[in-house]
Each structure stands twice: as C-alpha cells, then as structure tokens.
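Working notes for the structure below.
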Amino acid sequence: MLNGKSNGASQVQPTAPVPAHAIRFSTPVVETPAVFIIGRWLWRLLAFFGALPVRFPLATASAAVLAASWWLLGWIGPALVCTVATIGGLAWRRFHPGSFRTWVALRALGLVRGVWVYRRHWQPVLVVSGLAESYLERQYLPRISAVTCTEWADRVRVKLVPGTAPSAFEERTAHLAHGFRAPACRVEVRGPLDIVLEFPRHDMLADPIDALPVPDSADGVDLAALPMGLREDGRTWRMRLHGTHVLVAGVTGSGKGSVIWSAIRAMLPAIAAGLVRVRAVDPKRMELSYGRSLFHRYADTAEACVELLEEAVADMQDRAARYAGRIRAHVPTLDDPFDVVVLDEVAFLTAYHPDRDIRRRAEAAMATLTSQGRSVGYAVLAALQDPRKEVMNLRNLFPDKVALRLDEASQVDMVLGPDARDRGADAHLIDAGVPGTAYVRLEGSTMPVRVRAAYVSDADIDAMTAADADGGE
Ligand SMILES: Nc1ncnc2c1ncn2[C@@H]1O[C@H](COP(=O)(O)OP(=O)(O)OP(=O)(O)O)[C@@H](O)[C@H]1O
Ligand SMILES: [Mg+2]
C-alpha cells in the first residue's frame, strides 16, 4: 500500500512497489544515471560532515578533543580525557542533577531513541499508515529533522513534503502512536511544513496530586494564572479567571469539584483580604456547602440561586455604569473586588428545573454576566455534566473550557471545538480511575494540553475556612 494518501483534488495513480531505500528523504524514484546518483551522495556526505559542528557541537567537540589528545600523547591521551570526563560527569550528576539531566541524560536519550525508535521504524510506519506521498510515480516521505526528549515525552520534529498539510498527521495519530509503541501521539504545528510529533513516554498525571500550597499573601495571588494542578509535561497548570469565564464539563465523578476548589484555594488570601468575592450557587447542596463560610453569598434552593444571580447582575451593571467612560480595565480593590460566581451543576437551573420561569431567569442572568462581566471584574466559573445544546446553550459565552472525562466524542467537540480531538484531546477516553484529569487549551496556544487538577480534600477545605476566619479577623 505504497500509494499513500492524496490530499489534493487530483487522484494519484497507484504505483508499482518501490524499493525501500528509494523513498527516504523525498528521493524521487526514477532511473537516474549512476554518475548523478554518486555525485548526489558525495554532496550529501560532504554536507553532512560540514553541518556536524553546528548540529552536534558537543559530540563534535568531544571527538575533536579525543583525537587531539591521541595525536599529542598517544593512547594515554584519550584514556586521560575519558577518566577526567567520567569523574567530572559523576560529580556534575551528584551536585547538579537537574542540569546534568537536561544537558547530558536527556540529550543522550534523545540521540538513542532518535536512532533506535524513530529513524529505524520511520519508513515502514509512515508508509503503512499512508503518510508516504506519491506523485507521478515518485514516492516522497516526510523527514525527521530532530528528536529531543523531555522528562515525559519524545518530540520528533518533522519536515513535511511540500503540498501536504499537518492534518494528514492529525488524522493518523492512533497509527503513529501504535507504530512507535507510545501511549499517544499529539501533533503540534510550528510553521509551514514544520510540525512536532509528541509521544509521551510515561504518564506524569497517573498519581493524584495533593492540594497545592496556598499563596502566602494576597500579593502572591495571580488571578490571571491560578495554580490548579499539573500539566502532562510536569509543569504547573495555571488557569486564568480574571478577564474570562470558565466552563468545566465532565460526567458525574469526573472531578469537577477539584477544579472548582483548586481555583478557590488559589485565591484564598485575596478572598480573606476582601479583594476577591465569591458567590456560590450550589443546587445539589453537596459541592460548595462544605466551605460556605468562604463565600460572600451562598444559595442552594432554586429561587435563592436565581436571586443570587440576579443580584450579581445588578451589581455588575451598577459597576459598569460607574466605570462607563472612566475606566477601561478592572483592577481588584476593596471597593471593587474581583467578583466570581461559582455555579455547580448549572444545568439544574438552565434545563432540569421544572419551573419555566426559574429556567428563563437563570439563563438570562447567566447570559448577562458572561457577556458583559469580563471587563468590569466579574467572572463565572460553572460546572456542568452534560454539555449538549438542549442542556446548556450558553456554552459559547465561556471563552475558556475544561473538558474532564466525557461520555462521547461529540461532547468533546462541543466543549473544546471540532479540531481538538484531531490534536489529541480525547476527553471521552479519559480513564474513570484518574478523576480530575482534563484537557484544556492554554493561553496563546491552540494545542489542547492534558492536565490534572489537584485534589482538595475535606480536611483541606476545613483548613481553608479556618485560615480565612483568621485572615478576615
Ligand atoms: N483531582 C482529583 N484527584 C484525585 N481524585 C479526585 C480528584 N477529583 C475528584 N477525585 C475523586 O473523585 C470523586 C468525585 O469527584 P467530584 O465530586 O469532584 O466529581 P464531580 O465531577 O463533581 O461529580 P458530580 O457531578 O457527581 O458532582 C471524589 O470524591 C474524589 O474521591
Ligand atoms: Mg460535583
């Protein structure tokens, strides 16, 4: 099956089998005179050696030092260099393990895995998965330009064949993941014909994450980057709340509570200082009632929930009227704090409640808050089990979304957008045994990233309410 996949309108004719060596590096398969072939290979050899000091400066320098020492001192020279390098390396590893891992261990791993896993299997995997392109009886193969290793994943940078698009790889992530024996594959587009395939080596989010430390003071609270948990690359997952609205979607037991509580925890000193005010809507009476003393207002019955939302709308409009023509961006102060409306199971009010009037009022209040609140310091953080339109037709008013475990692939499209799954955001495949795991889009990137919220236990919430009571006194 070498004719591969055609992206263009014109259909490429099936071609005769091509010798394996002929489809490397975009090499056309034609009867070329031998002298040209030899000339081309000599030129490539020359270019390869010429580029070595630039591509592999450390390896080239080491080889040069070894050769020079042998030339100067005979066999004692390389032996001496190797002994000094080994002792130096061991000392480096002992005293600066972090930099040793970055500069030596991960680079060496990248070199080994680049050759042994990716370059070795590249040709058969790409041909079989239909990523080798054909044109006028010629076969072309995308080329690996670099393989690097991070703590958790291999990153294979690929130069595409001109005329193809990254979507061809995005559609075959499963083929690639299986082909290179990785648990998953994600495609990152860096520029024209330039993509990176990311293959995780192990799961950094497999173990539950304890509640993150509470910032020391209100000054330490960054409302544009609240620490929520971990990203799959092991770095802290930070979420913006000021200047946006966040919708958290996930089936029952997927960990919506841990996302809500991680956000509240990250704002705790600012709540105690009066710079952040939380209004909590808790129709299930399970999620938020435990930390009720932290909230400026709390409601659990349908009527009270709607009144709370309408009060928030009135306050917001009052602030907007005061700001009109004077202030363009909200900065939290004691007089005008950052107001967060937290809604657990928003569909209870917008879809499931039997009273039509309650549903209409709740929806109107939420639509007003989400469409007008952002710039005057109002944010809505809403949790939802079922993101379908019949249940929640306001979801597009939330600029940021967190997709926890969902039931169906179509629900992932509803939450993160239709291209998210092509880029590896398989929220419908998240294991039920790892609650709190979600896919999000980070600021400034279209690539969905897998994250896991820290778990805020009841004991943590108790400690938070006690700290808030102390701080508020
Ligand atoms: N981030 C997390 N890390 C580890 N375990 C978690 C995490 N979040 C939740 N859990 C576990 O999963 C259980 C269910 O979580 P949670 O109550 O937050 O789910 P939910 O999505 O709010 O469900 P529901 O819609 O039924 O309220 C928790 O009791 C806890 O044991
Ligand atoms: Mg819940």
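Atoms within each ligand, like the ligands themselves, are counted from 1 in listed order.
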_Can you list everything that forms a side-chain hydrogen bond (donor to acceptor under 3.5 Å, both in side chains) with Glu151? Sequence neighbours excluded, please._
Arg101

*Residues in side-chain hydrogen bond (donor to acceptor under 3.5 Å, both in side chains) contact with Ser410, at least two apart in sequence or another chain*: Glu408

What protein heavy atom lies closest to [atom]? Include the residue and the distance to one decimal.
atom	answer
atom 31 (O) of ligand 1	Tyr455 OH, 3.9 Å
atom 8 (N) of ligand 1	Ser258 OG, 3.2 Å
atom 23 (O) of ligand 1	Gly253 N, 2.8 Å
atom 17 (O) of ligand 1	Glu287 OE1, 4.0 Å
atom 2 (C) of ligand 1	Pro435 O, 3.3 Å
atom 4 (C) of ligand 1	Arg452 NH2, 3.4 Å

*Under 2.8 Å from the Mg ion (ligand 2), how many protein N/O/S atoms do you get? Just the number, please.*
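Step by step: take the Mg ion (ligand 2), keep protein N, O, S below 2.8 Å, and you get 1.
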
Does [X] reach the main-chain N or O of [Y] with its side chain, forming a donor-acceptor pair under 3.5 Å?
X	Y	value
Lys256	Val251	yes
Arg93	Gly89	no
Glu232	Arg450	yes
Asp344	Asp282	no

*Can a non-hydrogen atom of Val251 be found less than 4.0 Å from any atom of ligand 1?*
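Contact check Val251 vs ligand 1: positive.
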
_When you measure from the heavy atoms of Gly250 to every atom of ligand 1, does any distance fall below 4.0 Å?_
no

_Under a 4.0 Å threshold between the charged nitrogen and the carboxylate oxygen, would Arg240 count as salt-bridged to Asp400?_
no

*Salt bridge or not for Arg322 and Asp336, using N-O below 4.0 Å?*
yes

*Aromatic plane relationship, His353 with Phe348 - under 30° parallel, 30 to 60° tilted, over 60° perpendicular*: perpendicular

When you look at [atom1] of [X], are more than 12 heavy atoms from neighbouring residues, nucleotides or ligands closer to it than 6.0 Å?
X	atom1	answer
Trp92	CH2	yes
Arg235	CZ	no
Asp216	CG	no

Got an N/O contact under 3.5 Å between [X] and ligand 1?
X	result
Lys256	yes
Gly255	yes
Gly257	yes
Thr252	yes

*Per-residue contact class, Glu345 against ligand 1 - non-hydrogen pairs under 4.0 Å*: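 Glu345 to ligand 1: no contact under 4.0 Å from either part.
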
_Where at least one partner belongs to residues 189-209, residue pairs that pass ring pair (Phe, Tyr, Trp, His ring centres under 6.0 Å), sequence neighbours excluded_ = Tyr118-Phe199, Phe180-Phe199

Ligand-side contact atoms (ligand 1) for residue partner [X], heavy atom cut-off under 4.0 Å:
X	value
Lys284	24 (P), 25 (O), 26 (O), 27 (O)
Ala453	1 (N), 2 (C)
Gln385	24 (P), 25 (O), 26 (O)

*Over all heavy atoms of both residues, which pair between Val259 and Ala453 is shortest? Give the atoms and the distance, please.*
CG2-CB, 4.0 Å

